[in-house]
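In this text the structure is predicted, and so the values were computed from the model without any measurement. By convention in this document, chain letters (A, B, ...) are assigned in the order of the sequence lines, proteins followed by strands, and residues within each chain are numbered from 1.
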Amino acid sequence: MPYLTSTNEILAIVAKYTTAKTLWIDTEVAEYKSRNPKLSLIQVLDDPEDMSGDRVYILDVLDRPDLVVNFIEQIMFDSAIEKVFHNASYDVKLLGNKKAKNITCTLELAKKTPYYLLPLPNYKLQTLASVLCNFNYIDKQEQTSDWGQRPLTEEQIDYAYLDCIYLAQIHSRLLELQTESNPDAEQEDLIALGTRYTQIEEQCKLLNSEFEHLQERIKKAMQAQNVSETSFCKLTGYERKTVKVQFAELVKIVQNQGINLDFPVTLTQKLQKDLGQNLEQLSVDIDISTAWRLTPKNQVNEDESE
DNA sequence: AGTCGAGTAATGCTTGACTA
DNA sequence: TAGTCAAGCATTACTCGACT
């Protein structure tokens, strides 16, 4: 895990990365609580197979805006290079923001994976690494350490490069899960799917009804007993505020005050009916969409059907 | 601490089955 | 044919969790 501090070395490796197809990237930030967090490290891996860390380069960019700008322009803005991050929105904000191209976020990939295929208590990098790739004993202590200090400790460097390794491994496992869970709709076995569907339908109903019932009872009971927290759950109430006005009054004030306010209003069936003939004078926008609905058939038993 | 998208719960709307 | 009802959607207002 080469740790690079010299300008020339960093420029050279970034130049090399411009020909990469995919890069796995993580950053460490100093003063993250302040209003102006600054980049401390950019860790880059260009070979997902590497588990030794030899291919993770740690670029020290603390107080080196020139190097950061160079990285952003050479790598982040290049749509030919796929950049993989965990919770990309955080890192990308410091690395070119909206103009960054071709970003992949493993957090989003993981969340998109159906829960039953990837049942996890949370989607932290650490959790994904241990469940998906069997990396246990991950120490996250350094995450909140002082990334603005120099020299960095050995532990900090170790932590910094390991995150990239986890990232690449997680990414590849997530891609596997994705292909597995997104089969070609043309090729699906409708019989097998239907069998499974009816198989769990009854369980689903039973569980759901009990679950919802319990939820209601607990809510009611906690309110009645004035308990806000038990060892199982907590109950929080909040006020929902909705501001309403009569339509006629709104129209009047907009006209009288010359307020620039215009937006489409959905004409519900009731409104359409109320408008009656007048509807024809309006230049309505009609949006047509198809909603698909699955209705299970009651499988009739062969013996009973006669 | 700050951000931003995703999740959640309540509420209202639409639709289609059912009835008379 | 019109009225009623429940299931399923859509929308809204708010919270949560991920990163450092």
Side-chain angles (χ1 to χ4, degrees), chain A residues 24-43 58 61-62 68 83-95 97-98 100 103-115 118 120-129 138-149 152 155-156 159-160 162-164 166-167 170 174 201 204-205 208-209 211-212 214-216 218-220 222-223 233-244 263-274 286-298:
Chain A
W24 290 264
I25 308 172
D26 185 33
T27 61
E28 304 306 328
V29 171
E31 295 164 42
Y32 69 90
K33 281 191 183 176
S34 72
R35 216 153 55 76
N36 292 335
K38 49 185 185 179
L39 273 174
S40 167
L41 301 179
I42 303 175
Q43 306 97 279
I58 302 178
V61 296
L62 184 69
V68 174
K83 275 81 63 178
V84 183
F85 294 88
H86 190 67
N87 196 6
S89 65
Y90 183 87
D91 305 84
V92 168
K93 223 178 295 154
L94 297 162
L95 288 174
N97 220 334
K98 297 256 155 68
I103 305 294
T104 299
C105 178
T106 48
L107 175 65
E108 277 171 34
L109 278 179
K111 284 184 169 175
K112 254 191 254 159
T113 309
Y115 182 75
L118 186 61
L120 297 173
N122 59 61
Y123 294 106
K124 291 176 185 167
L125 188 77
Q126 181 180 19
T127 313
L128 288 166
I138 299 171
D139 191 2
K140 273 276 166 185
Q141 273 197 338
E142 299 300 328
Q143 182 174 40
T144 49
S145 66
D146 179 7
W147 292 100
Q149 71 176 1
L152 294 165
E155 288 77 27
Q156 284 179 306
Y159 170 83
L162 276 170
D163 267 1
C164 267
Y166 299 150
L167 178 66
I170 288 168
L174 285 174
E201 192 189 3
C204 186
K205 271 190 193 166
N208 255 332
S209 72
F211 188 73
E212 279 165 20
L214 278 173
Q215 232 176 6
E216 272 168 44
I218 294 172
K219 266 196 202 172
K220 252 192 209 163
M222 286 176 81
Q223 284 176 66
C233 43
K234 71 173 187 189
L235 184 70
T236 45
Y238 59 89
E239 296 197 335
R240 288 170 65 94
K241 216 171 32 179
T242 29
V243 184
K244 295 190 182 183
F263 52 87
V265 173
T266 305
L267 294 180
T268 60
Q269 300 217 323
K270 184 178 179 306
L271 274 173
Q272 291 176 39
K273 210 169 151 190
D274 291 350
I286 299 178
D287 214 3
I288 295 183
S289 61
T290 315
W292 298 93
R293 189 158 158 176
L294 193 65
T295 341
K297 281 195 297 196
N298 283 331

Value in whole Å for how far the C1' atom of B:dA6 lies from OH of A:Tyr115: 16 Å
Touch class at under 4.0 angstrom, heavy-atom based, for A:Thr144 against every strand present: nothing
Stepwise side-chain hydrogen bond (donor to acceptor under 3.5 Å, both in side chains) check, A:Glu28 with A:Gln156: CA-CA 10 Å; A:Glu28 304 306 328; A:Gln156 284 179 306; over 6 Å; no
Protein-nucleotide distance (A:Arg35, atom CZ; B:dT3, atom C1'), rounded to Å: 14 Å
Qualifying residue, where the test is side chain to side chain contact (heavy atoms under 4.5 Å, CB included) with A:Val29 and the options are A:Leu41, A:Leu94, A:Leu62: A:Leu94
Within-4.5 Å side-chain heavy-atom neighbours: A:Tyr166 and A:Leu162: yes
Could you list all N or O pairs between the protein and nucleotides 16-18 of chain C that sit under 3.5 Å apart?
{"from": "C:dA18", "atom 1": "OP1", "to": "A:Tyr123", "atom 2": "N", "distance (Å)": "2.8"}

Length of the line joining A:Lys112:NZ and B:dG7:P, which is rounded to integer Å: 11 Å
Distance-only side-chain donor-acceptor flag, A:Gln141 / A:Glu155, under 3.5 Å: no
Touch class at under 4.0 angstrom, heavy-atom based, for A:Asp26 against every strand present: sugar-phosphate
Length of the CZ-C1' vector between A:Phe85 and B:dG5, whole Å: 17 Å
side-chain hydrogen bond (donor to acceptor under 3.5 Å, both in side chains) against A:Ser34, all qualifying residues, sequence neighbours excluded: none
Axial bend angle, the helix from B:dA1-C:dT20 to B:dA20-C:dT1: five-pair end segments, nearest 10°: 30°
Set of residues satisfying side-chain hydrogen bond (donor to acceptor under 3.5 Å, both in side chains) with respect to A:Ser89, sequence neighbours excluded: A:Asn87
Contacts of type salt bridge (Lys or Arg N to Asp or Glu O under 4.0 Å), residue A:Asp163, not counting sequence neighbours: A:Lys140
Rounded distance (Å) that lies between atom P of B:dA6 and atom CG of A:Leu109: 12 Å
Nearest-Å distance for atom pair CD/P, residues A:Gln43 and C:dC19: 14 Å
Qualifying residues under salt bridge (Lys or Arg N to Asp or Glu O under 4.0 Å), relative to A:Glu31, sequence neighbours excluded: A:Lys38
Identified side chain to side chain contact (heavy atoms under 4.5 Å, CB included) counterpart of A:His86 within the set A:Asp91, A:Ile170, A:Leu109, A:Leu128: A:Leu128
Spacing of A:Lys93 atom NZ relative to B:dC4 atom C1', expressed in whole Å: 7 Å
Protein-nucleotide distance (A:Tyr32, atom OH; B:dT3, atom C1'), rounded to Å: 15 Å
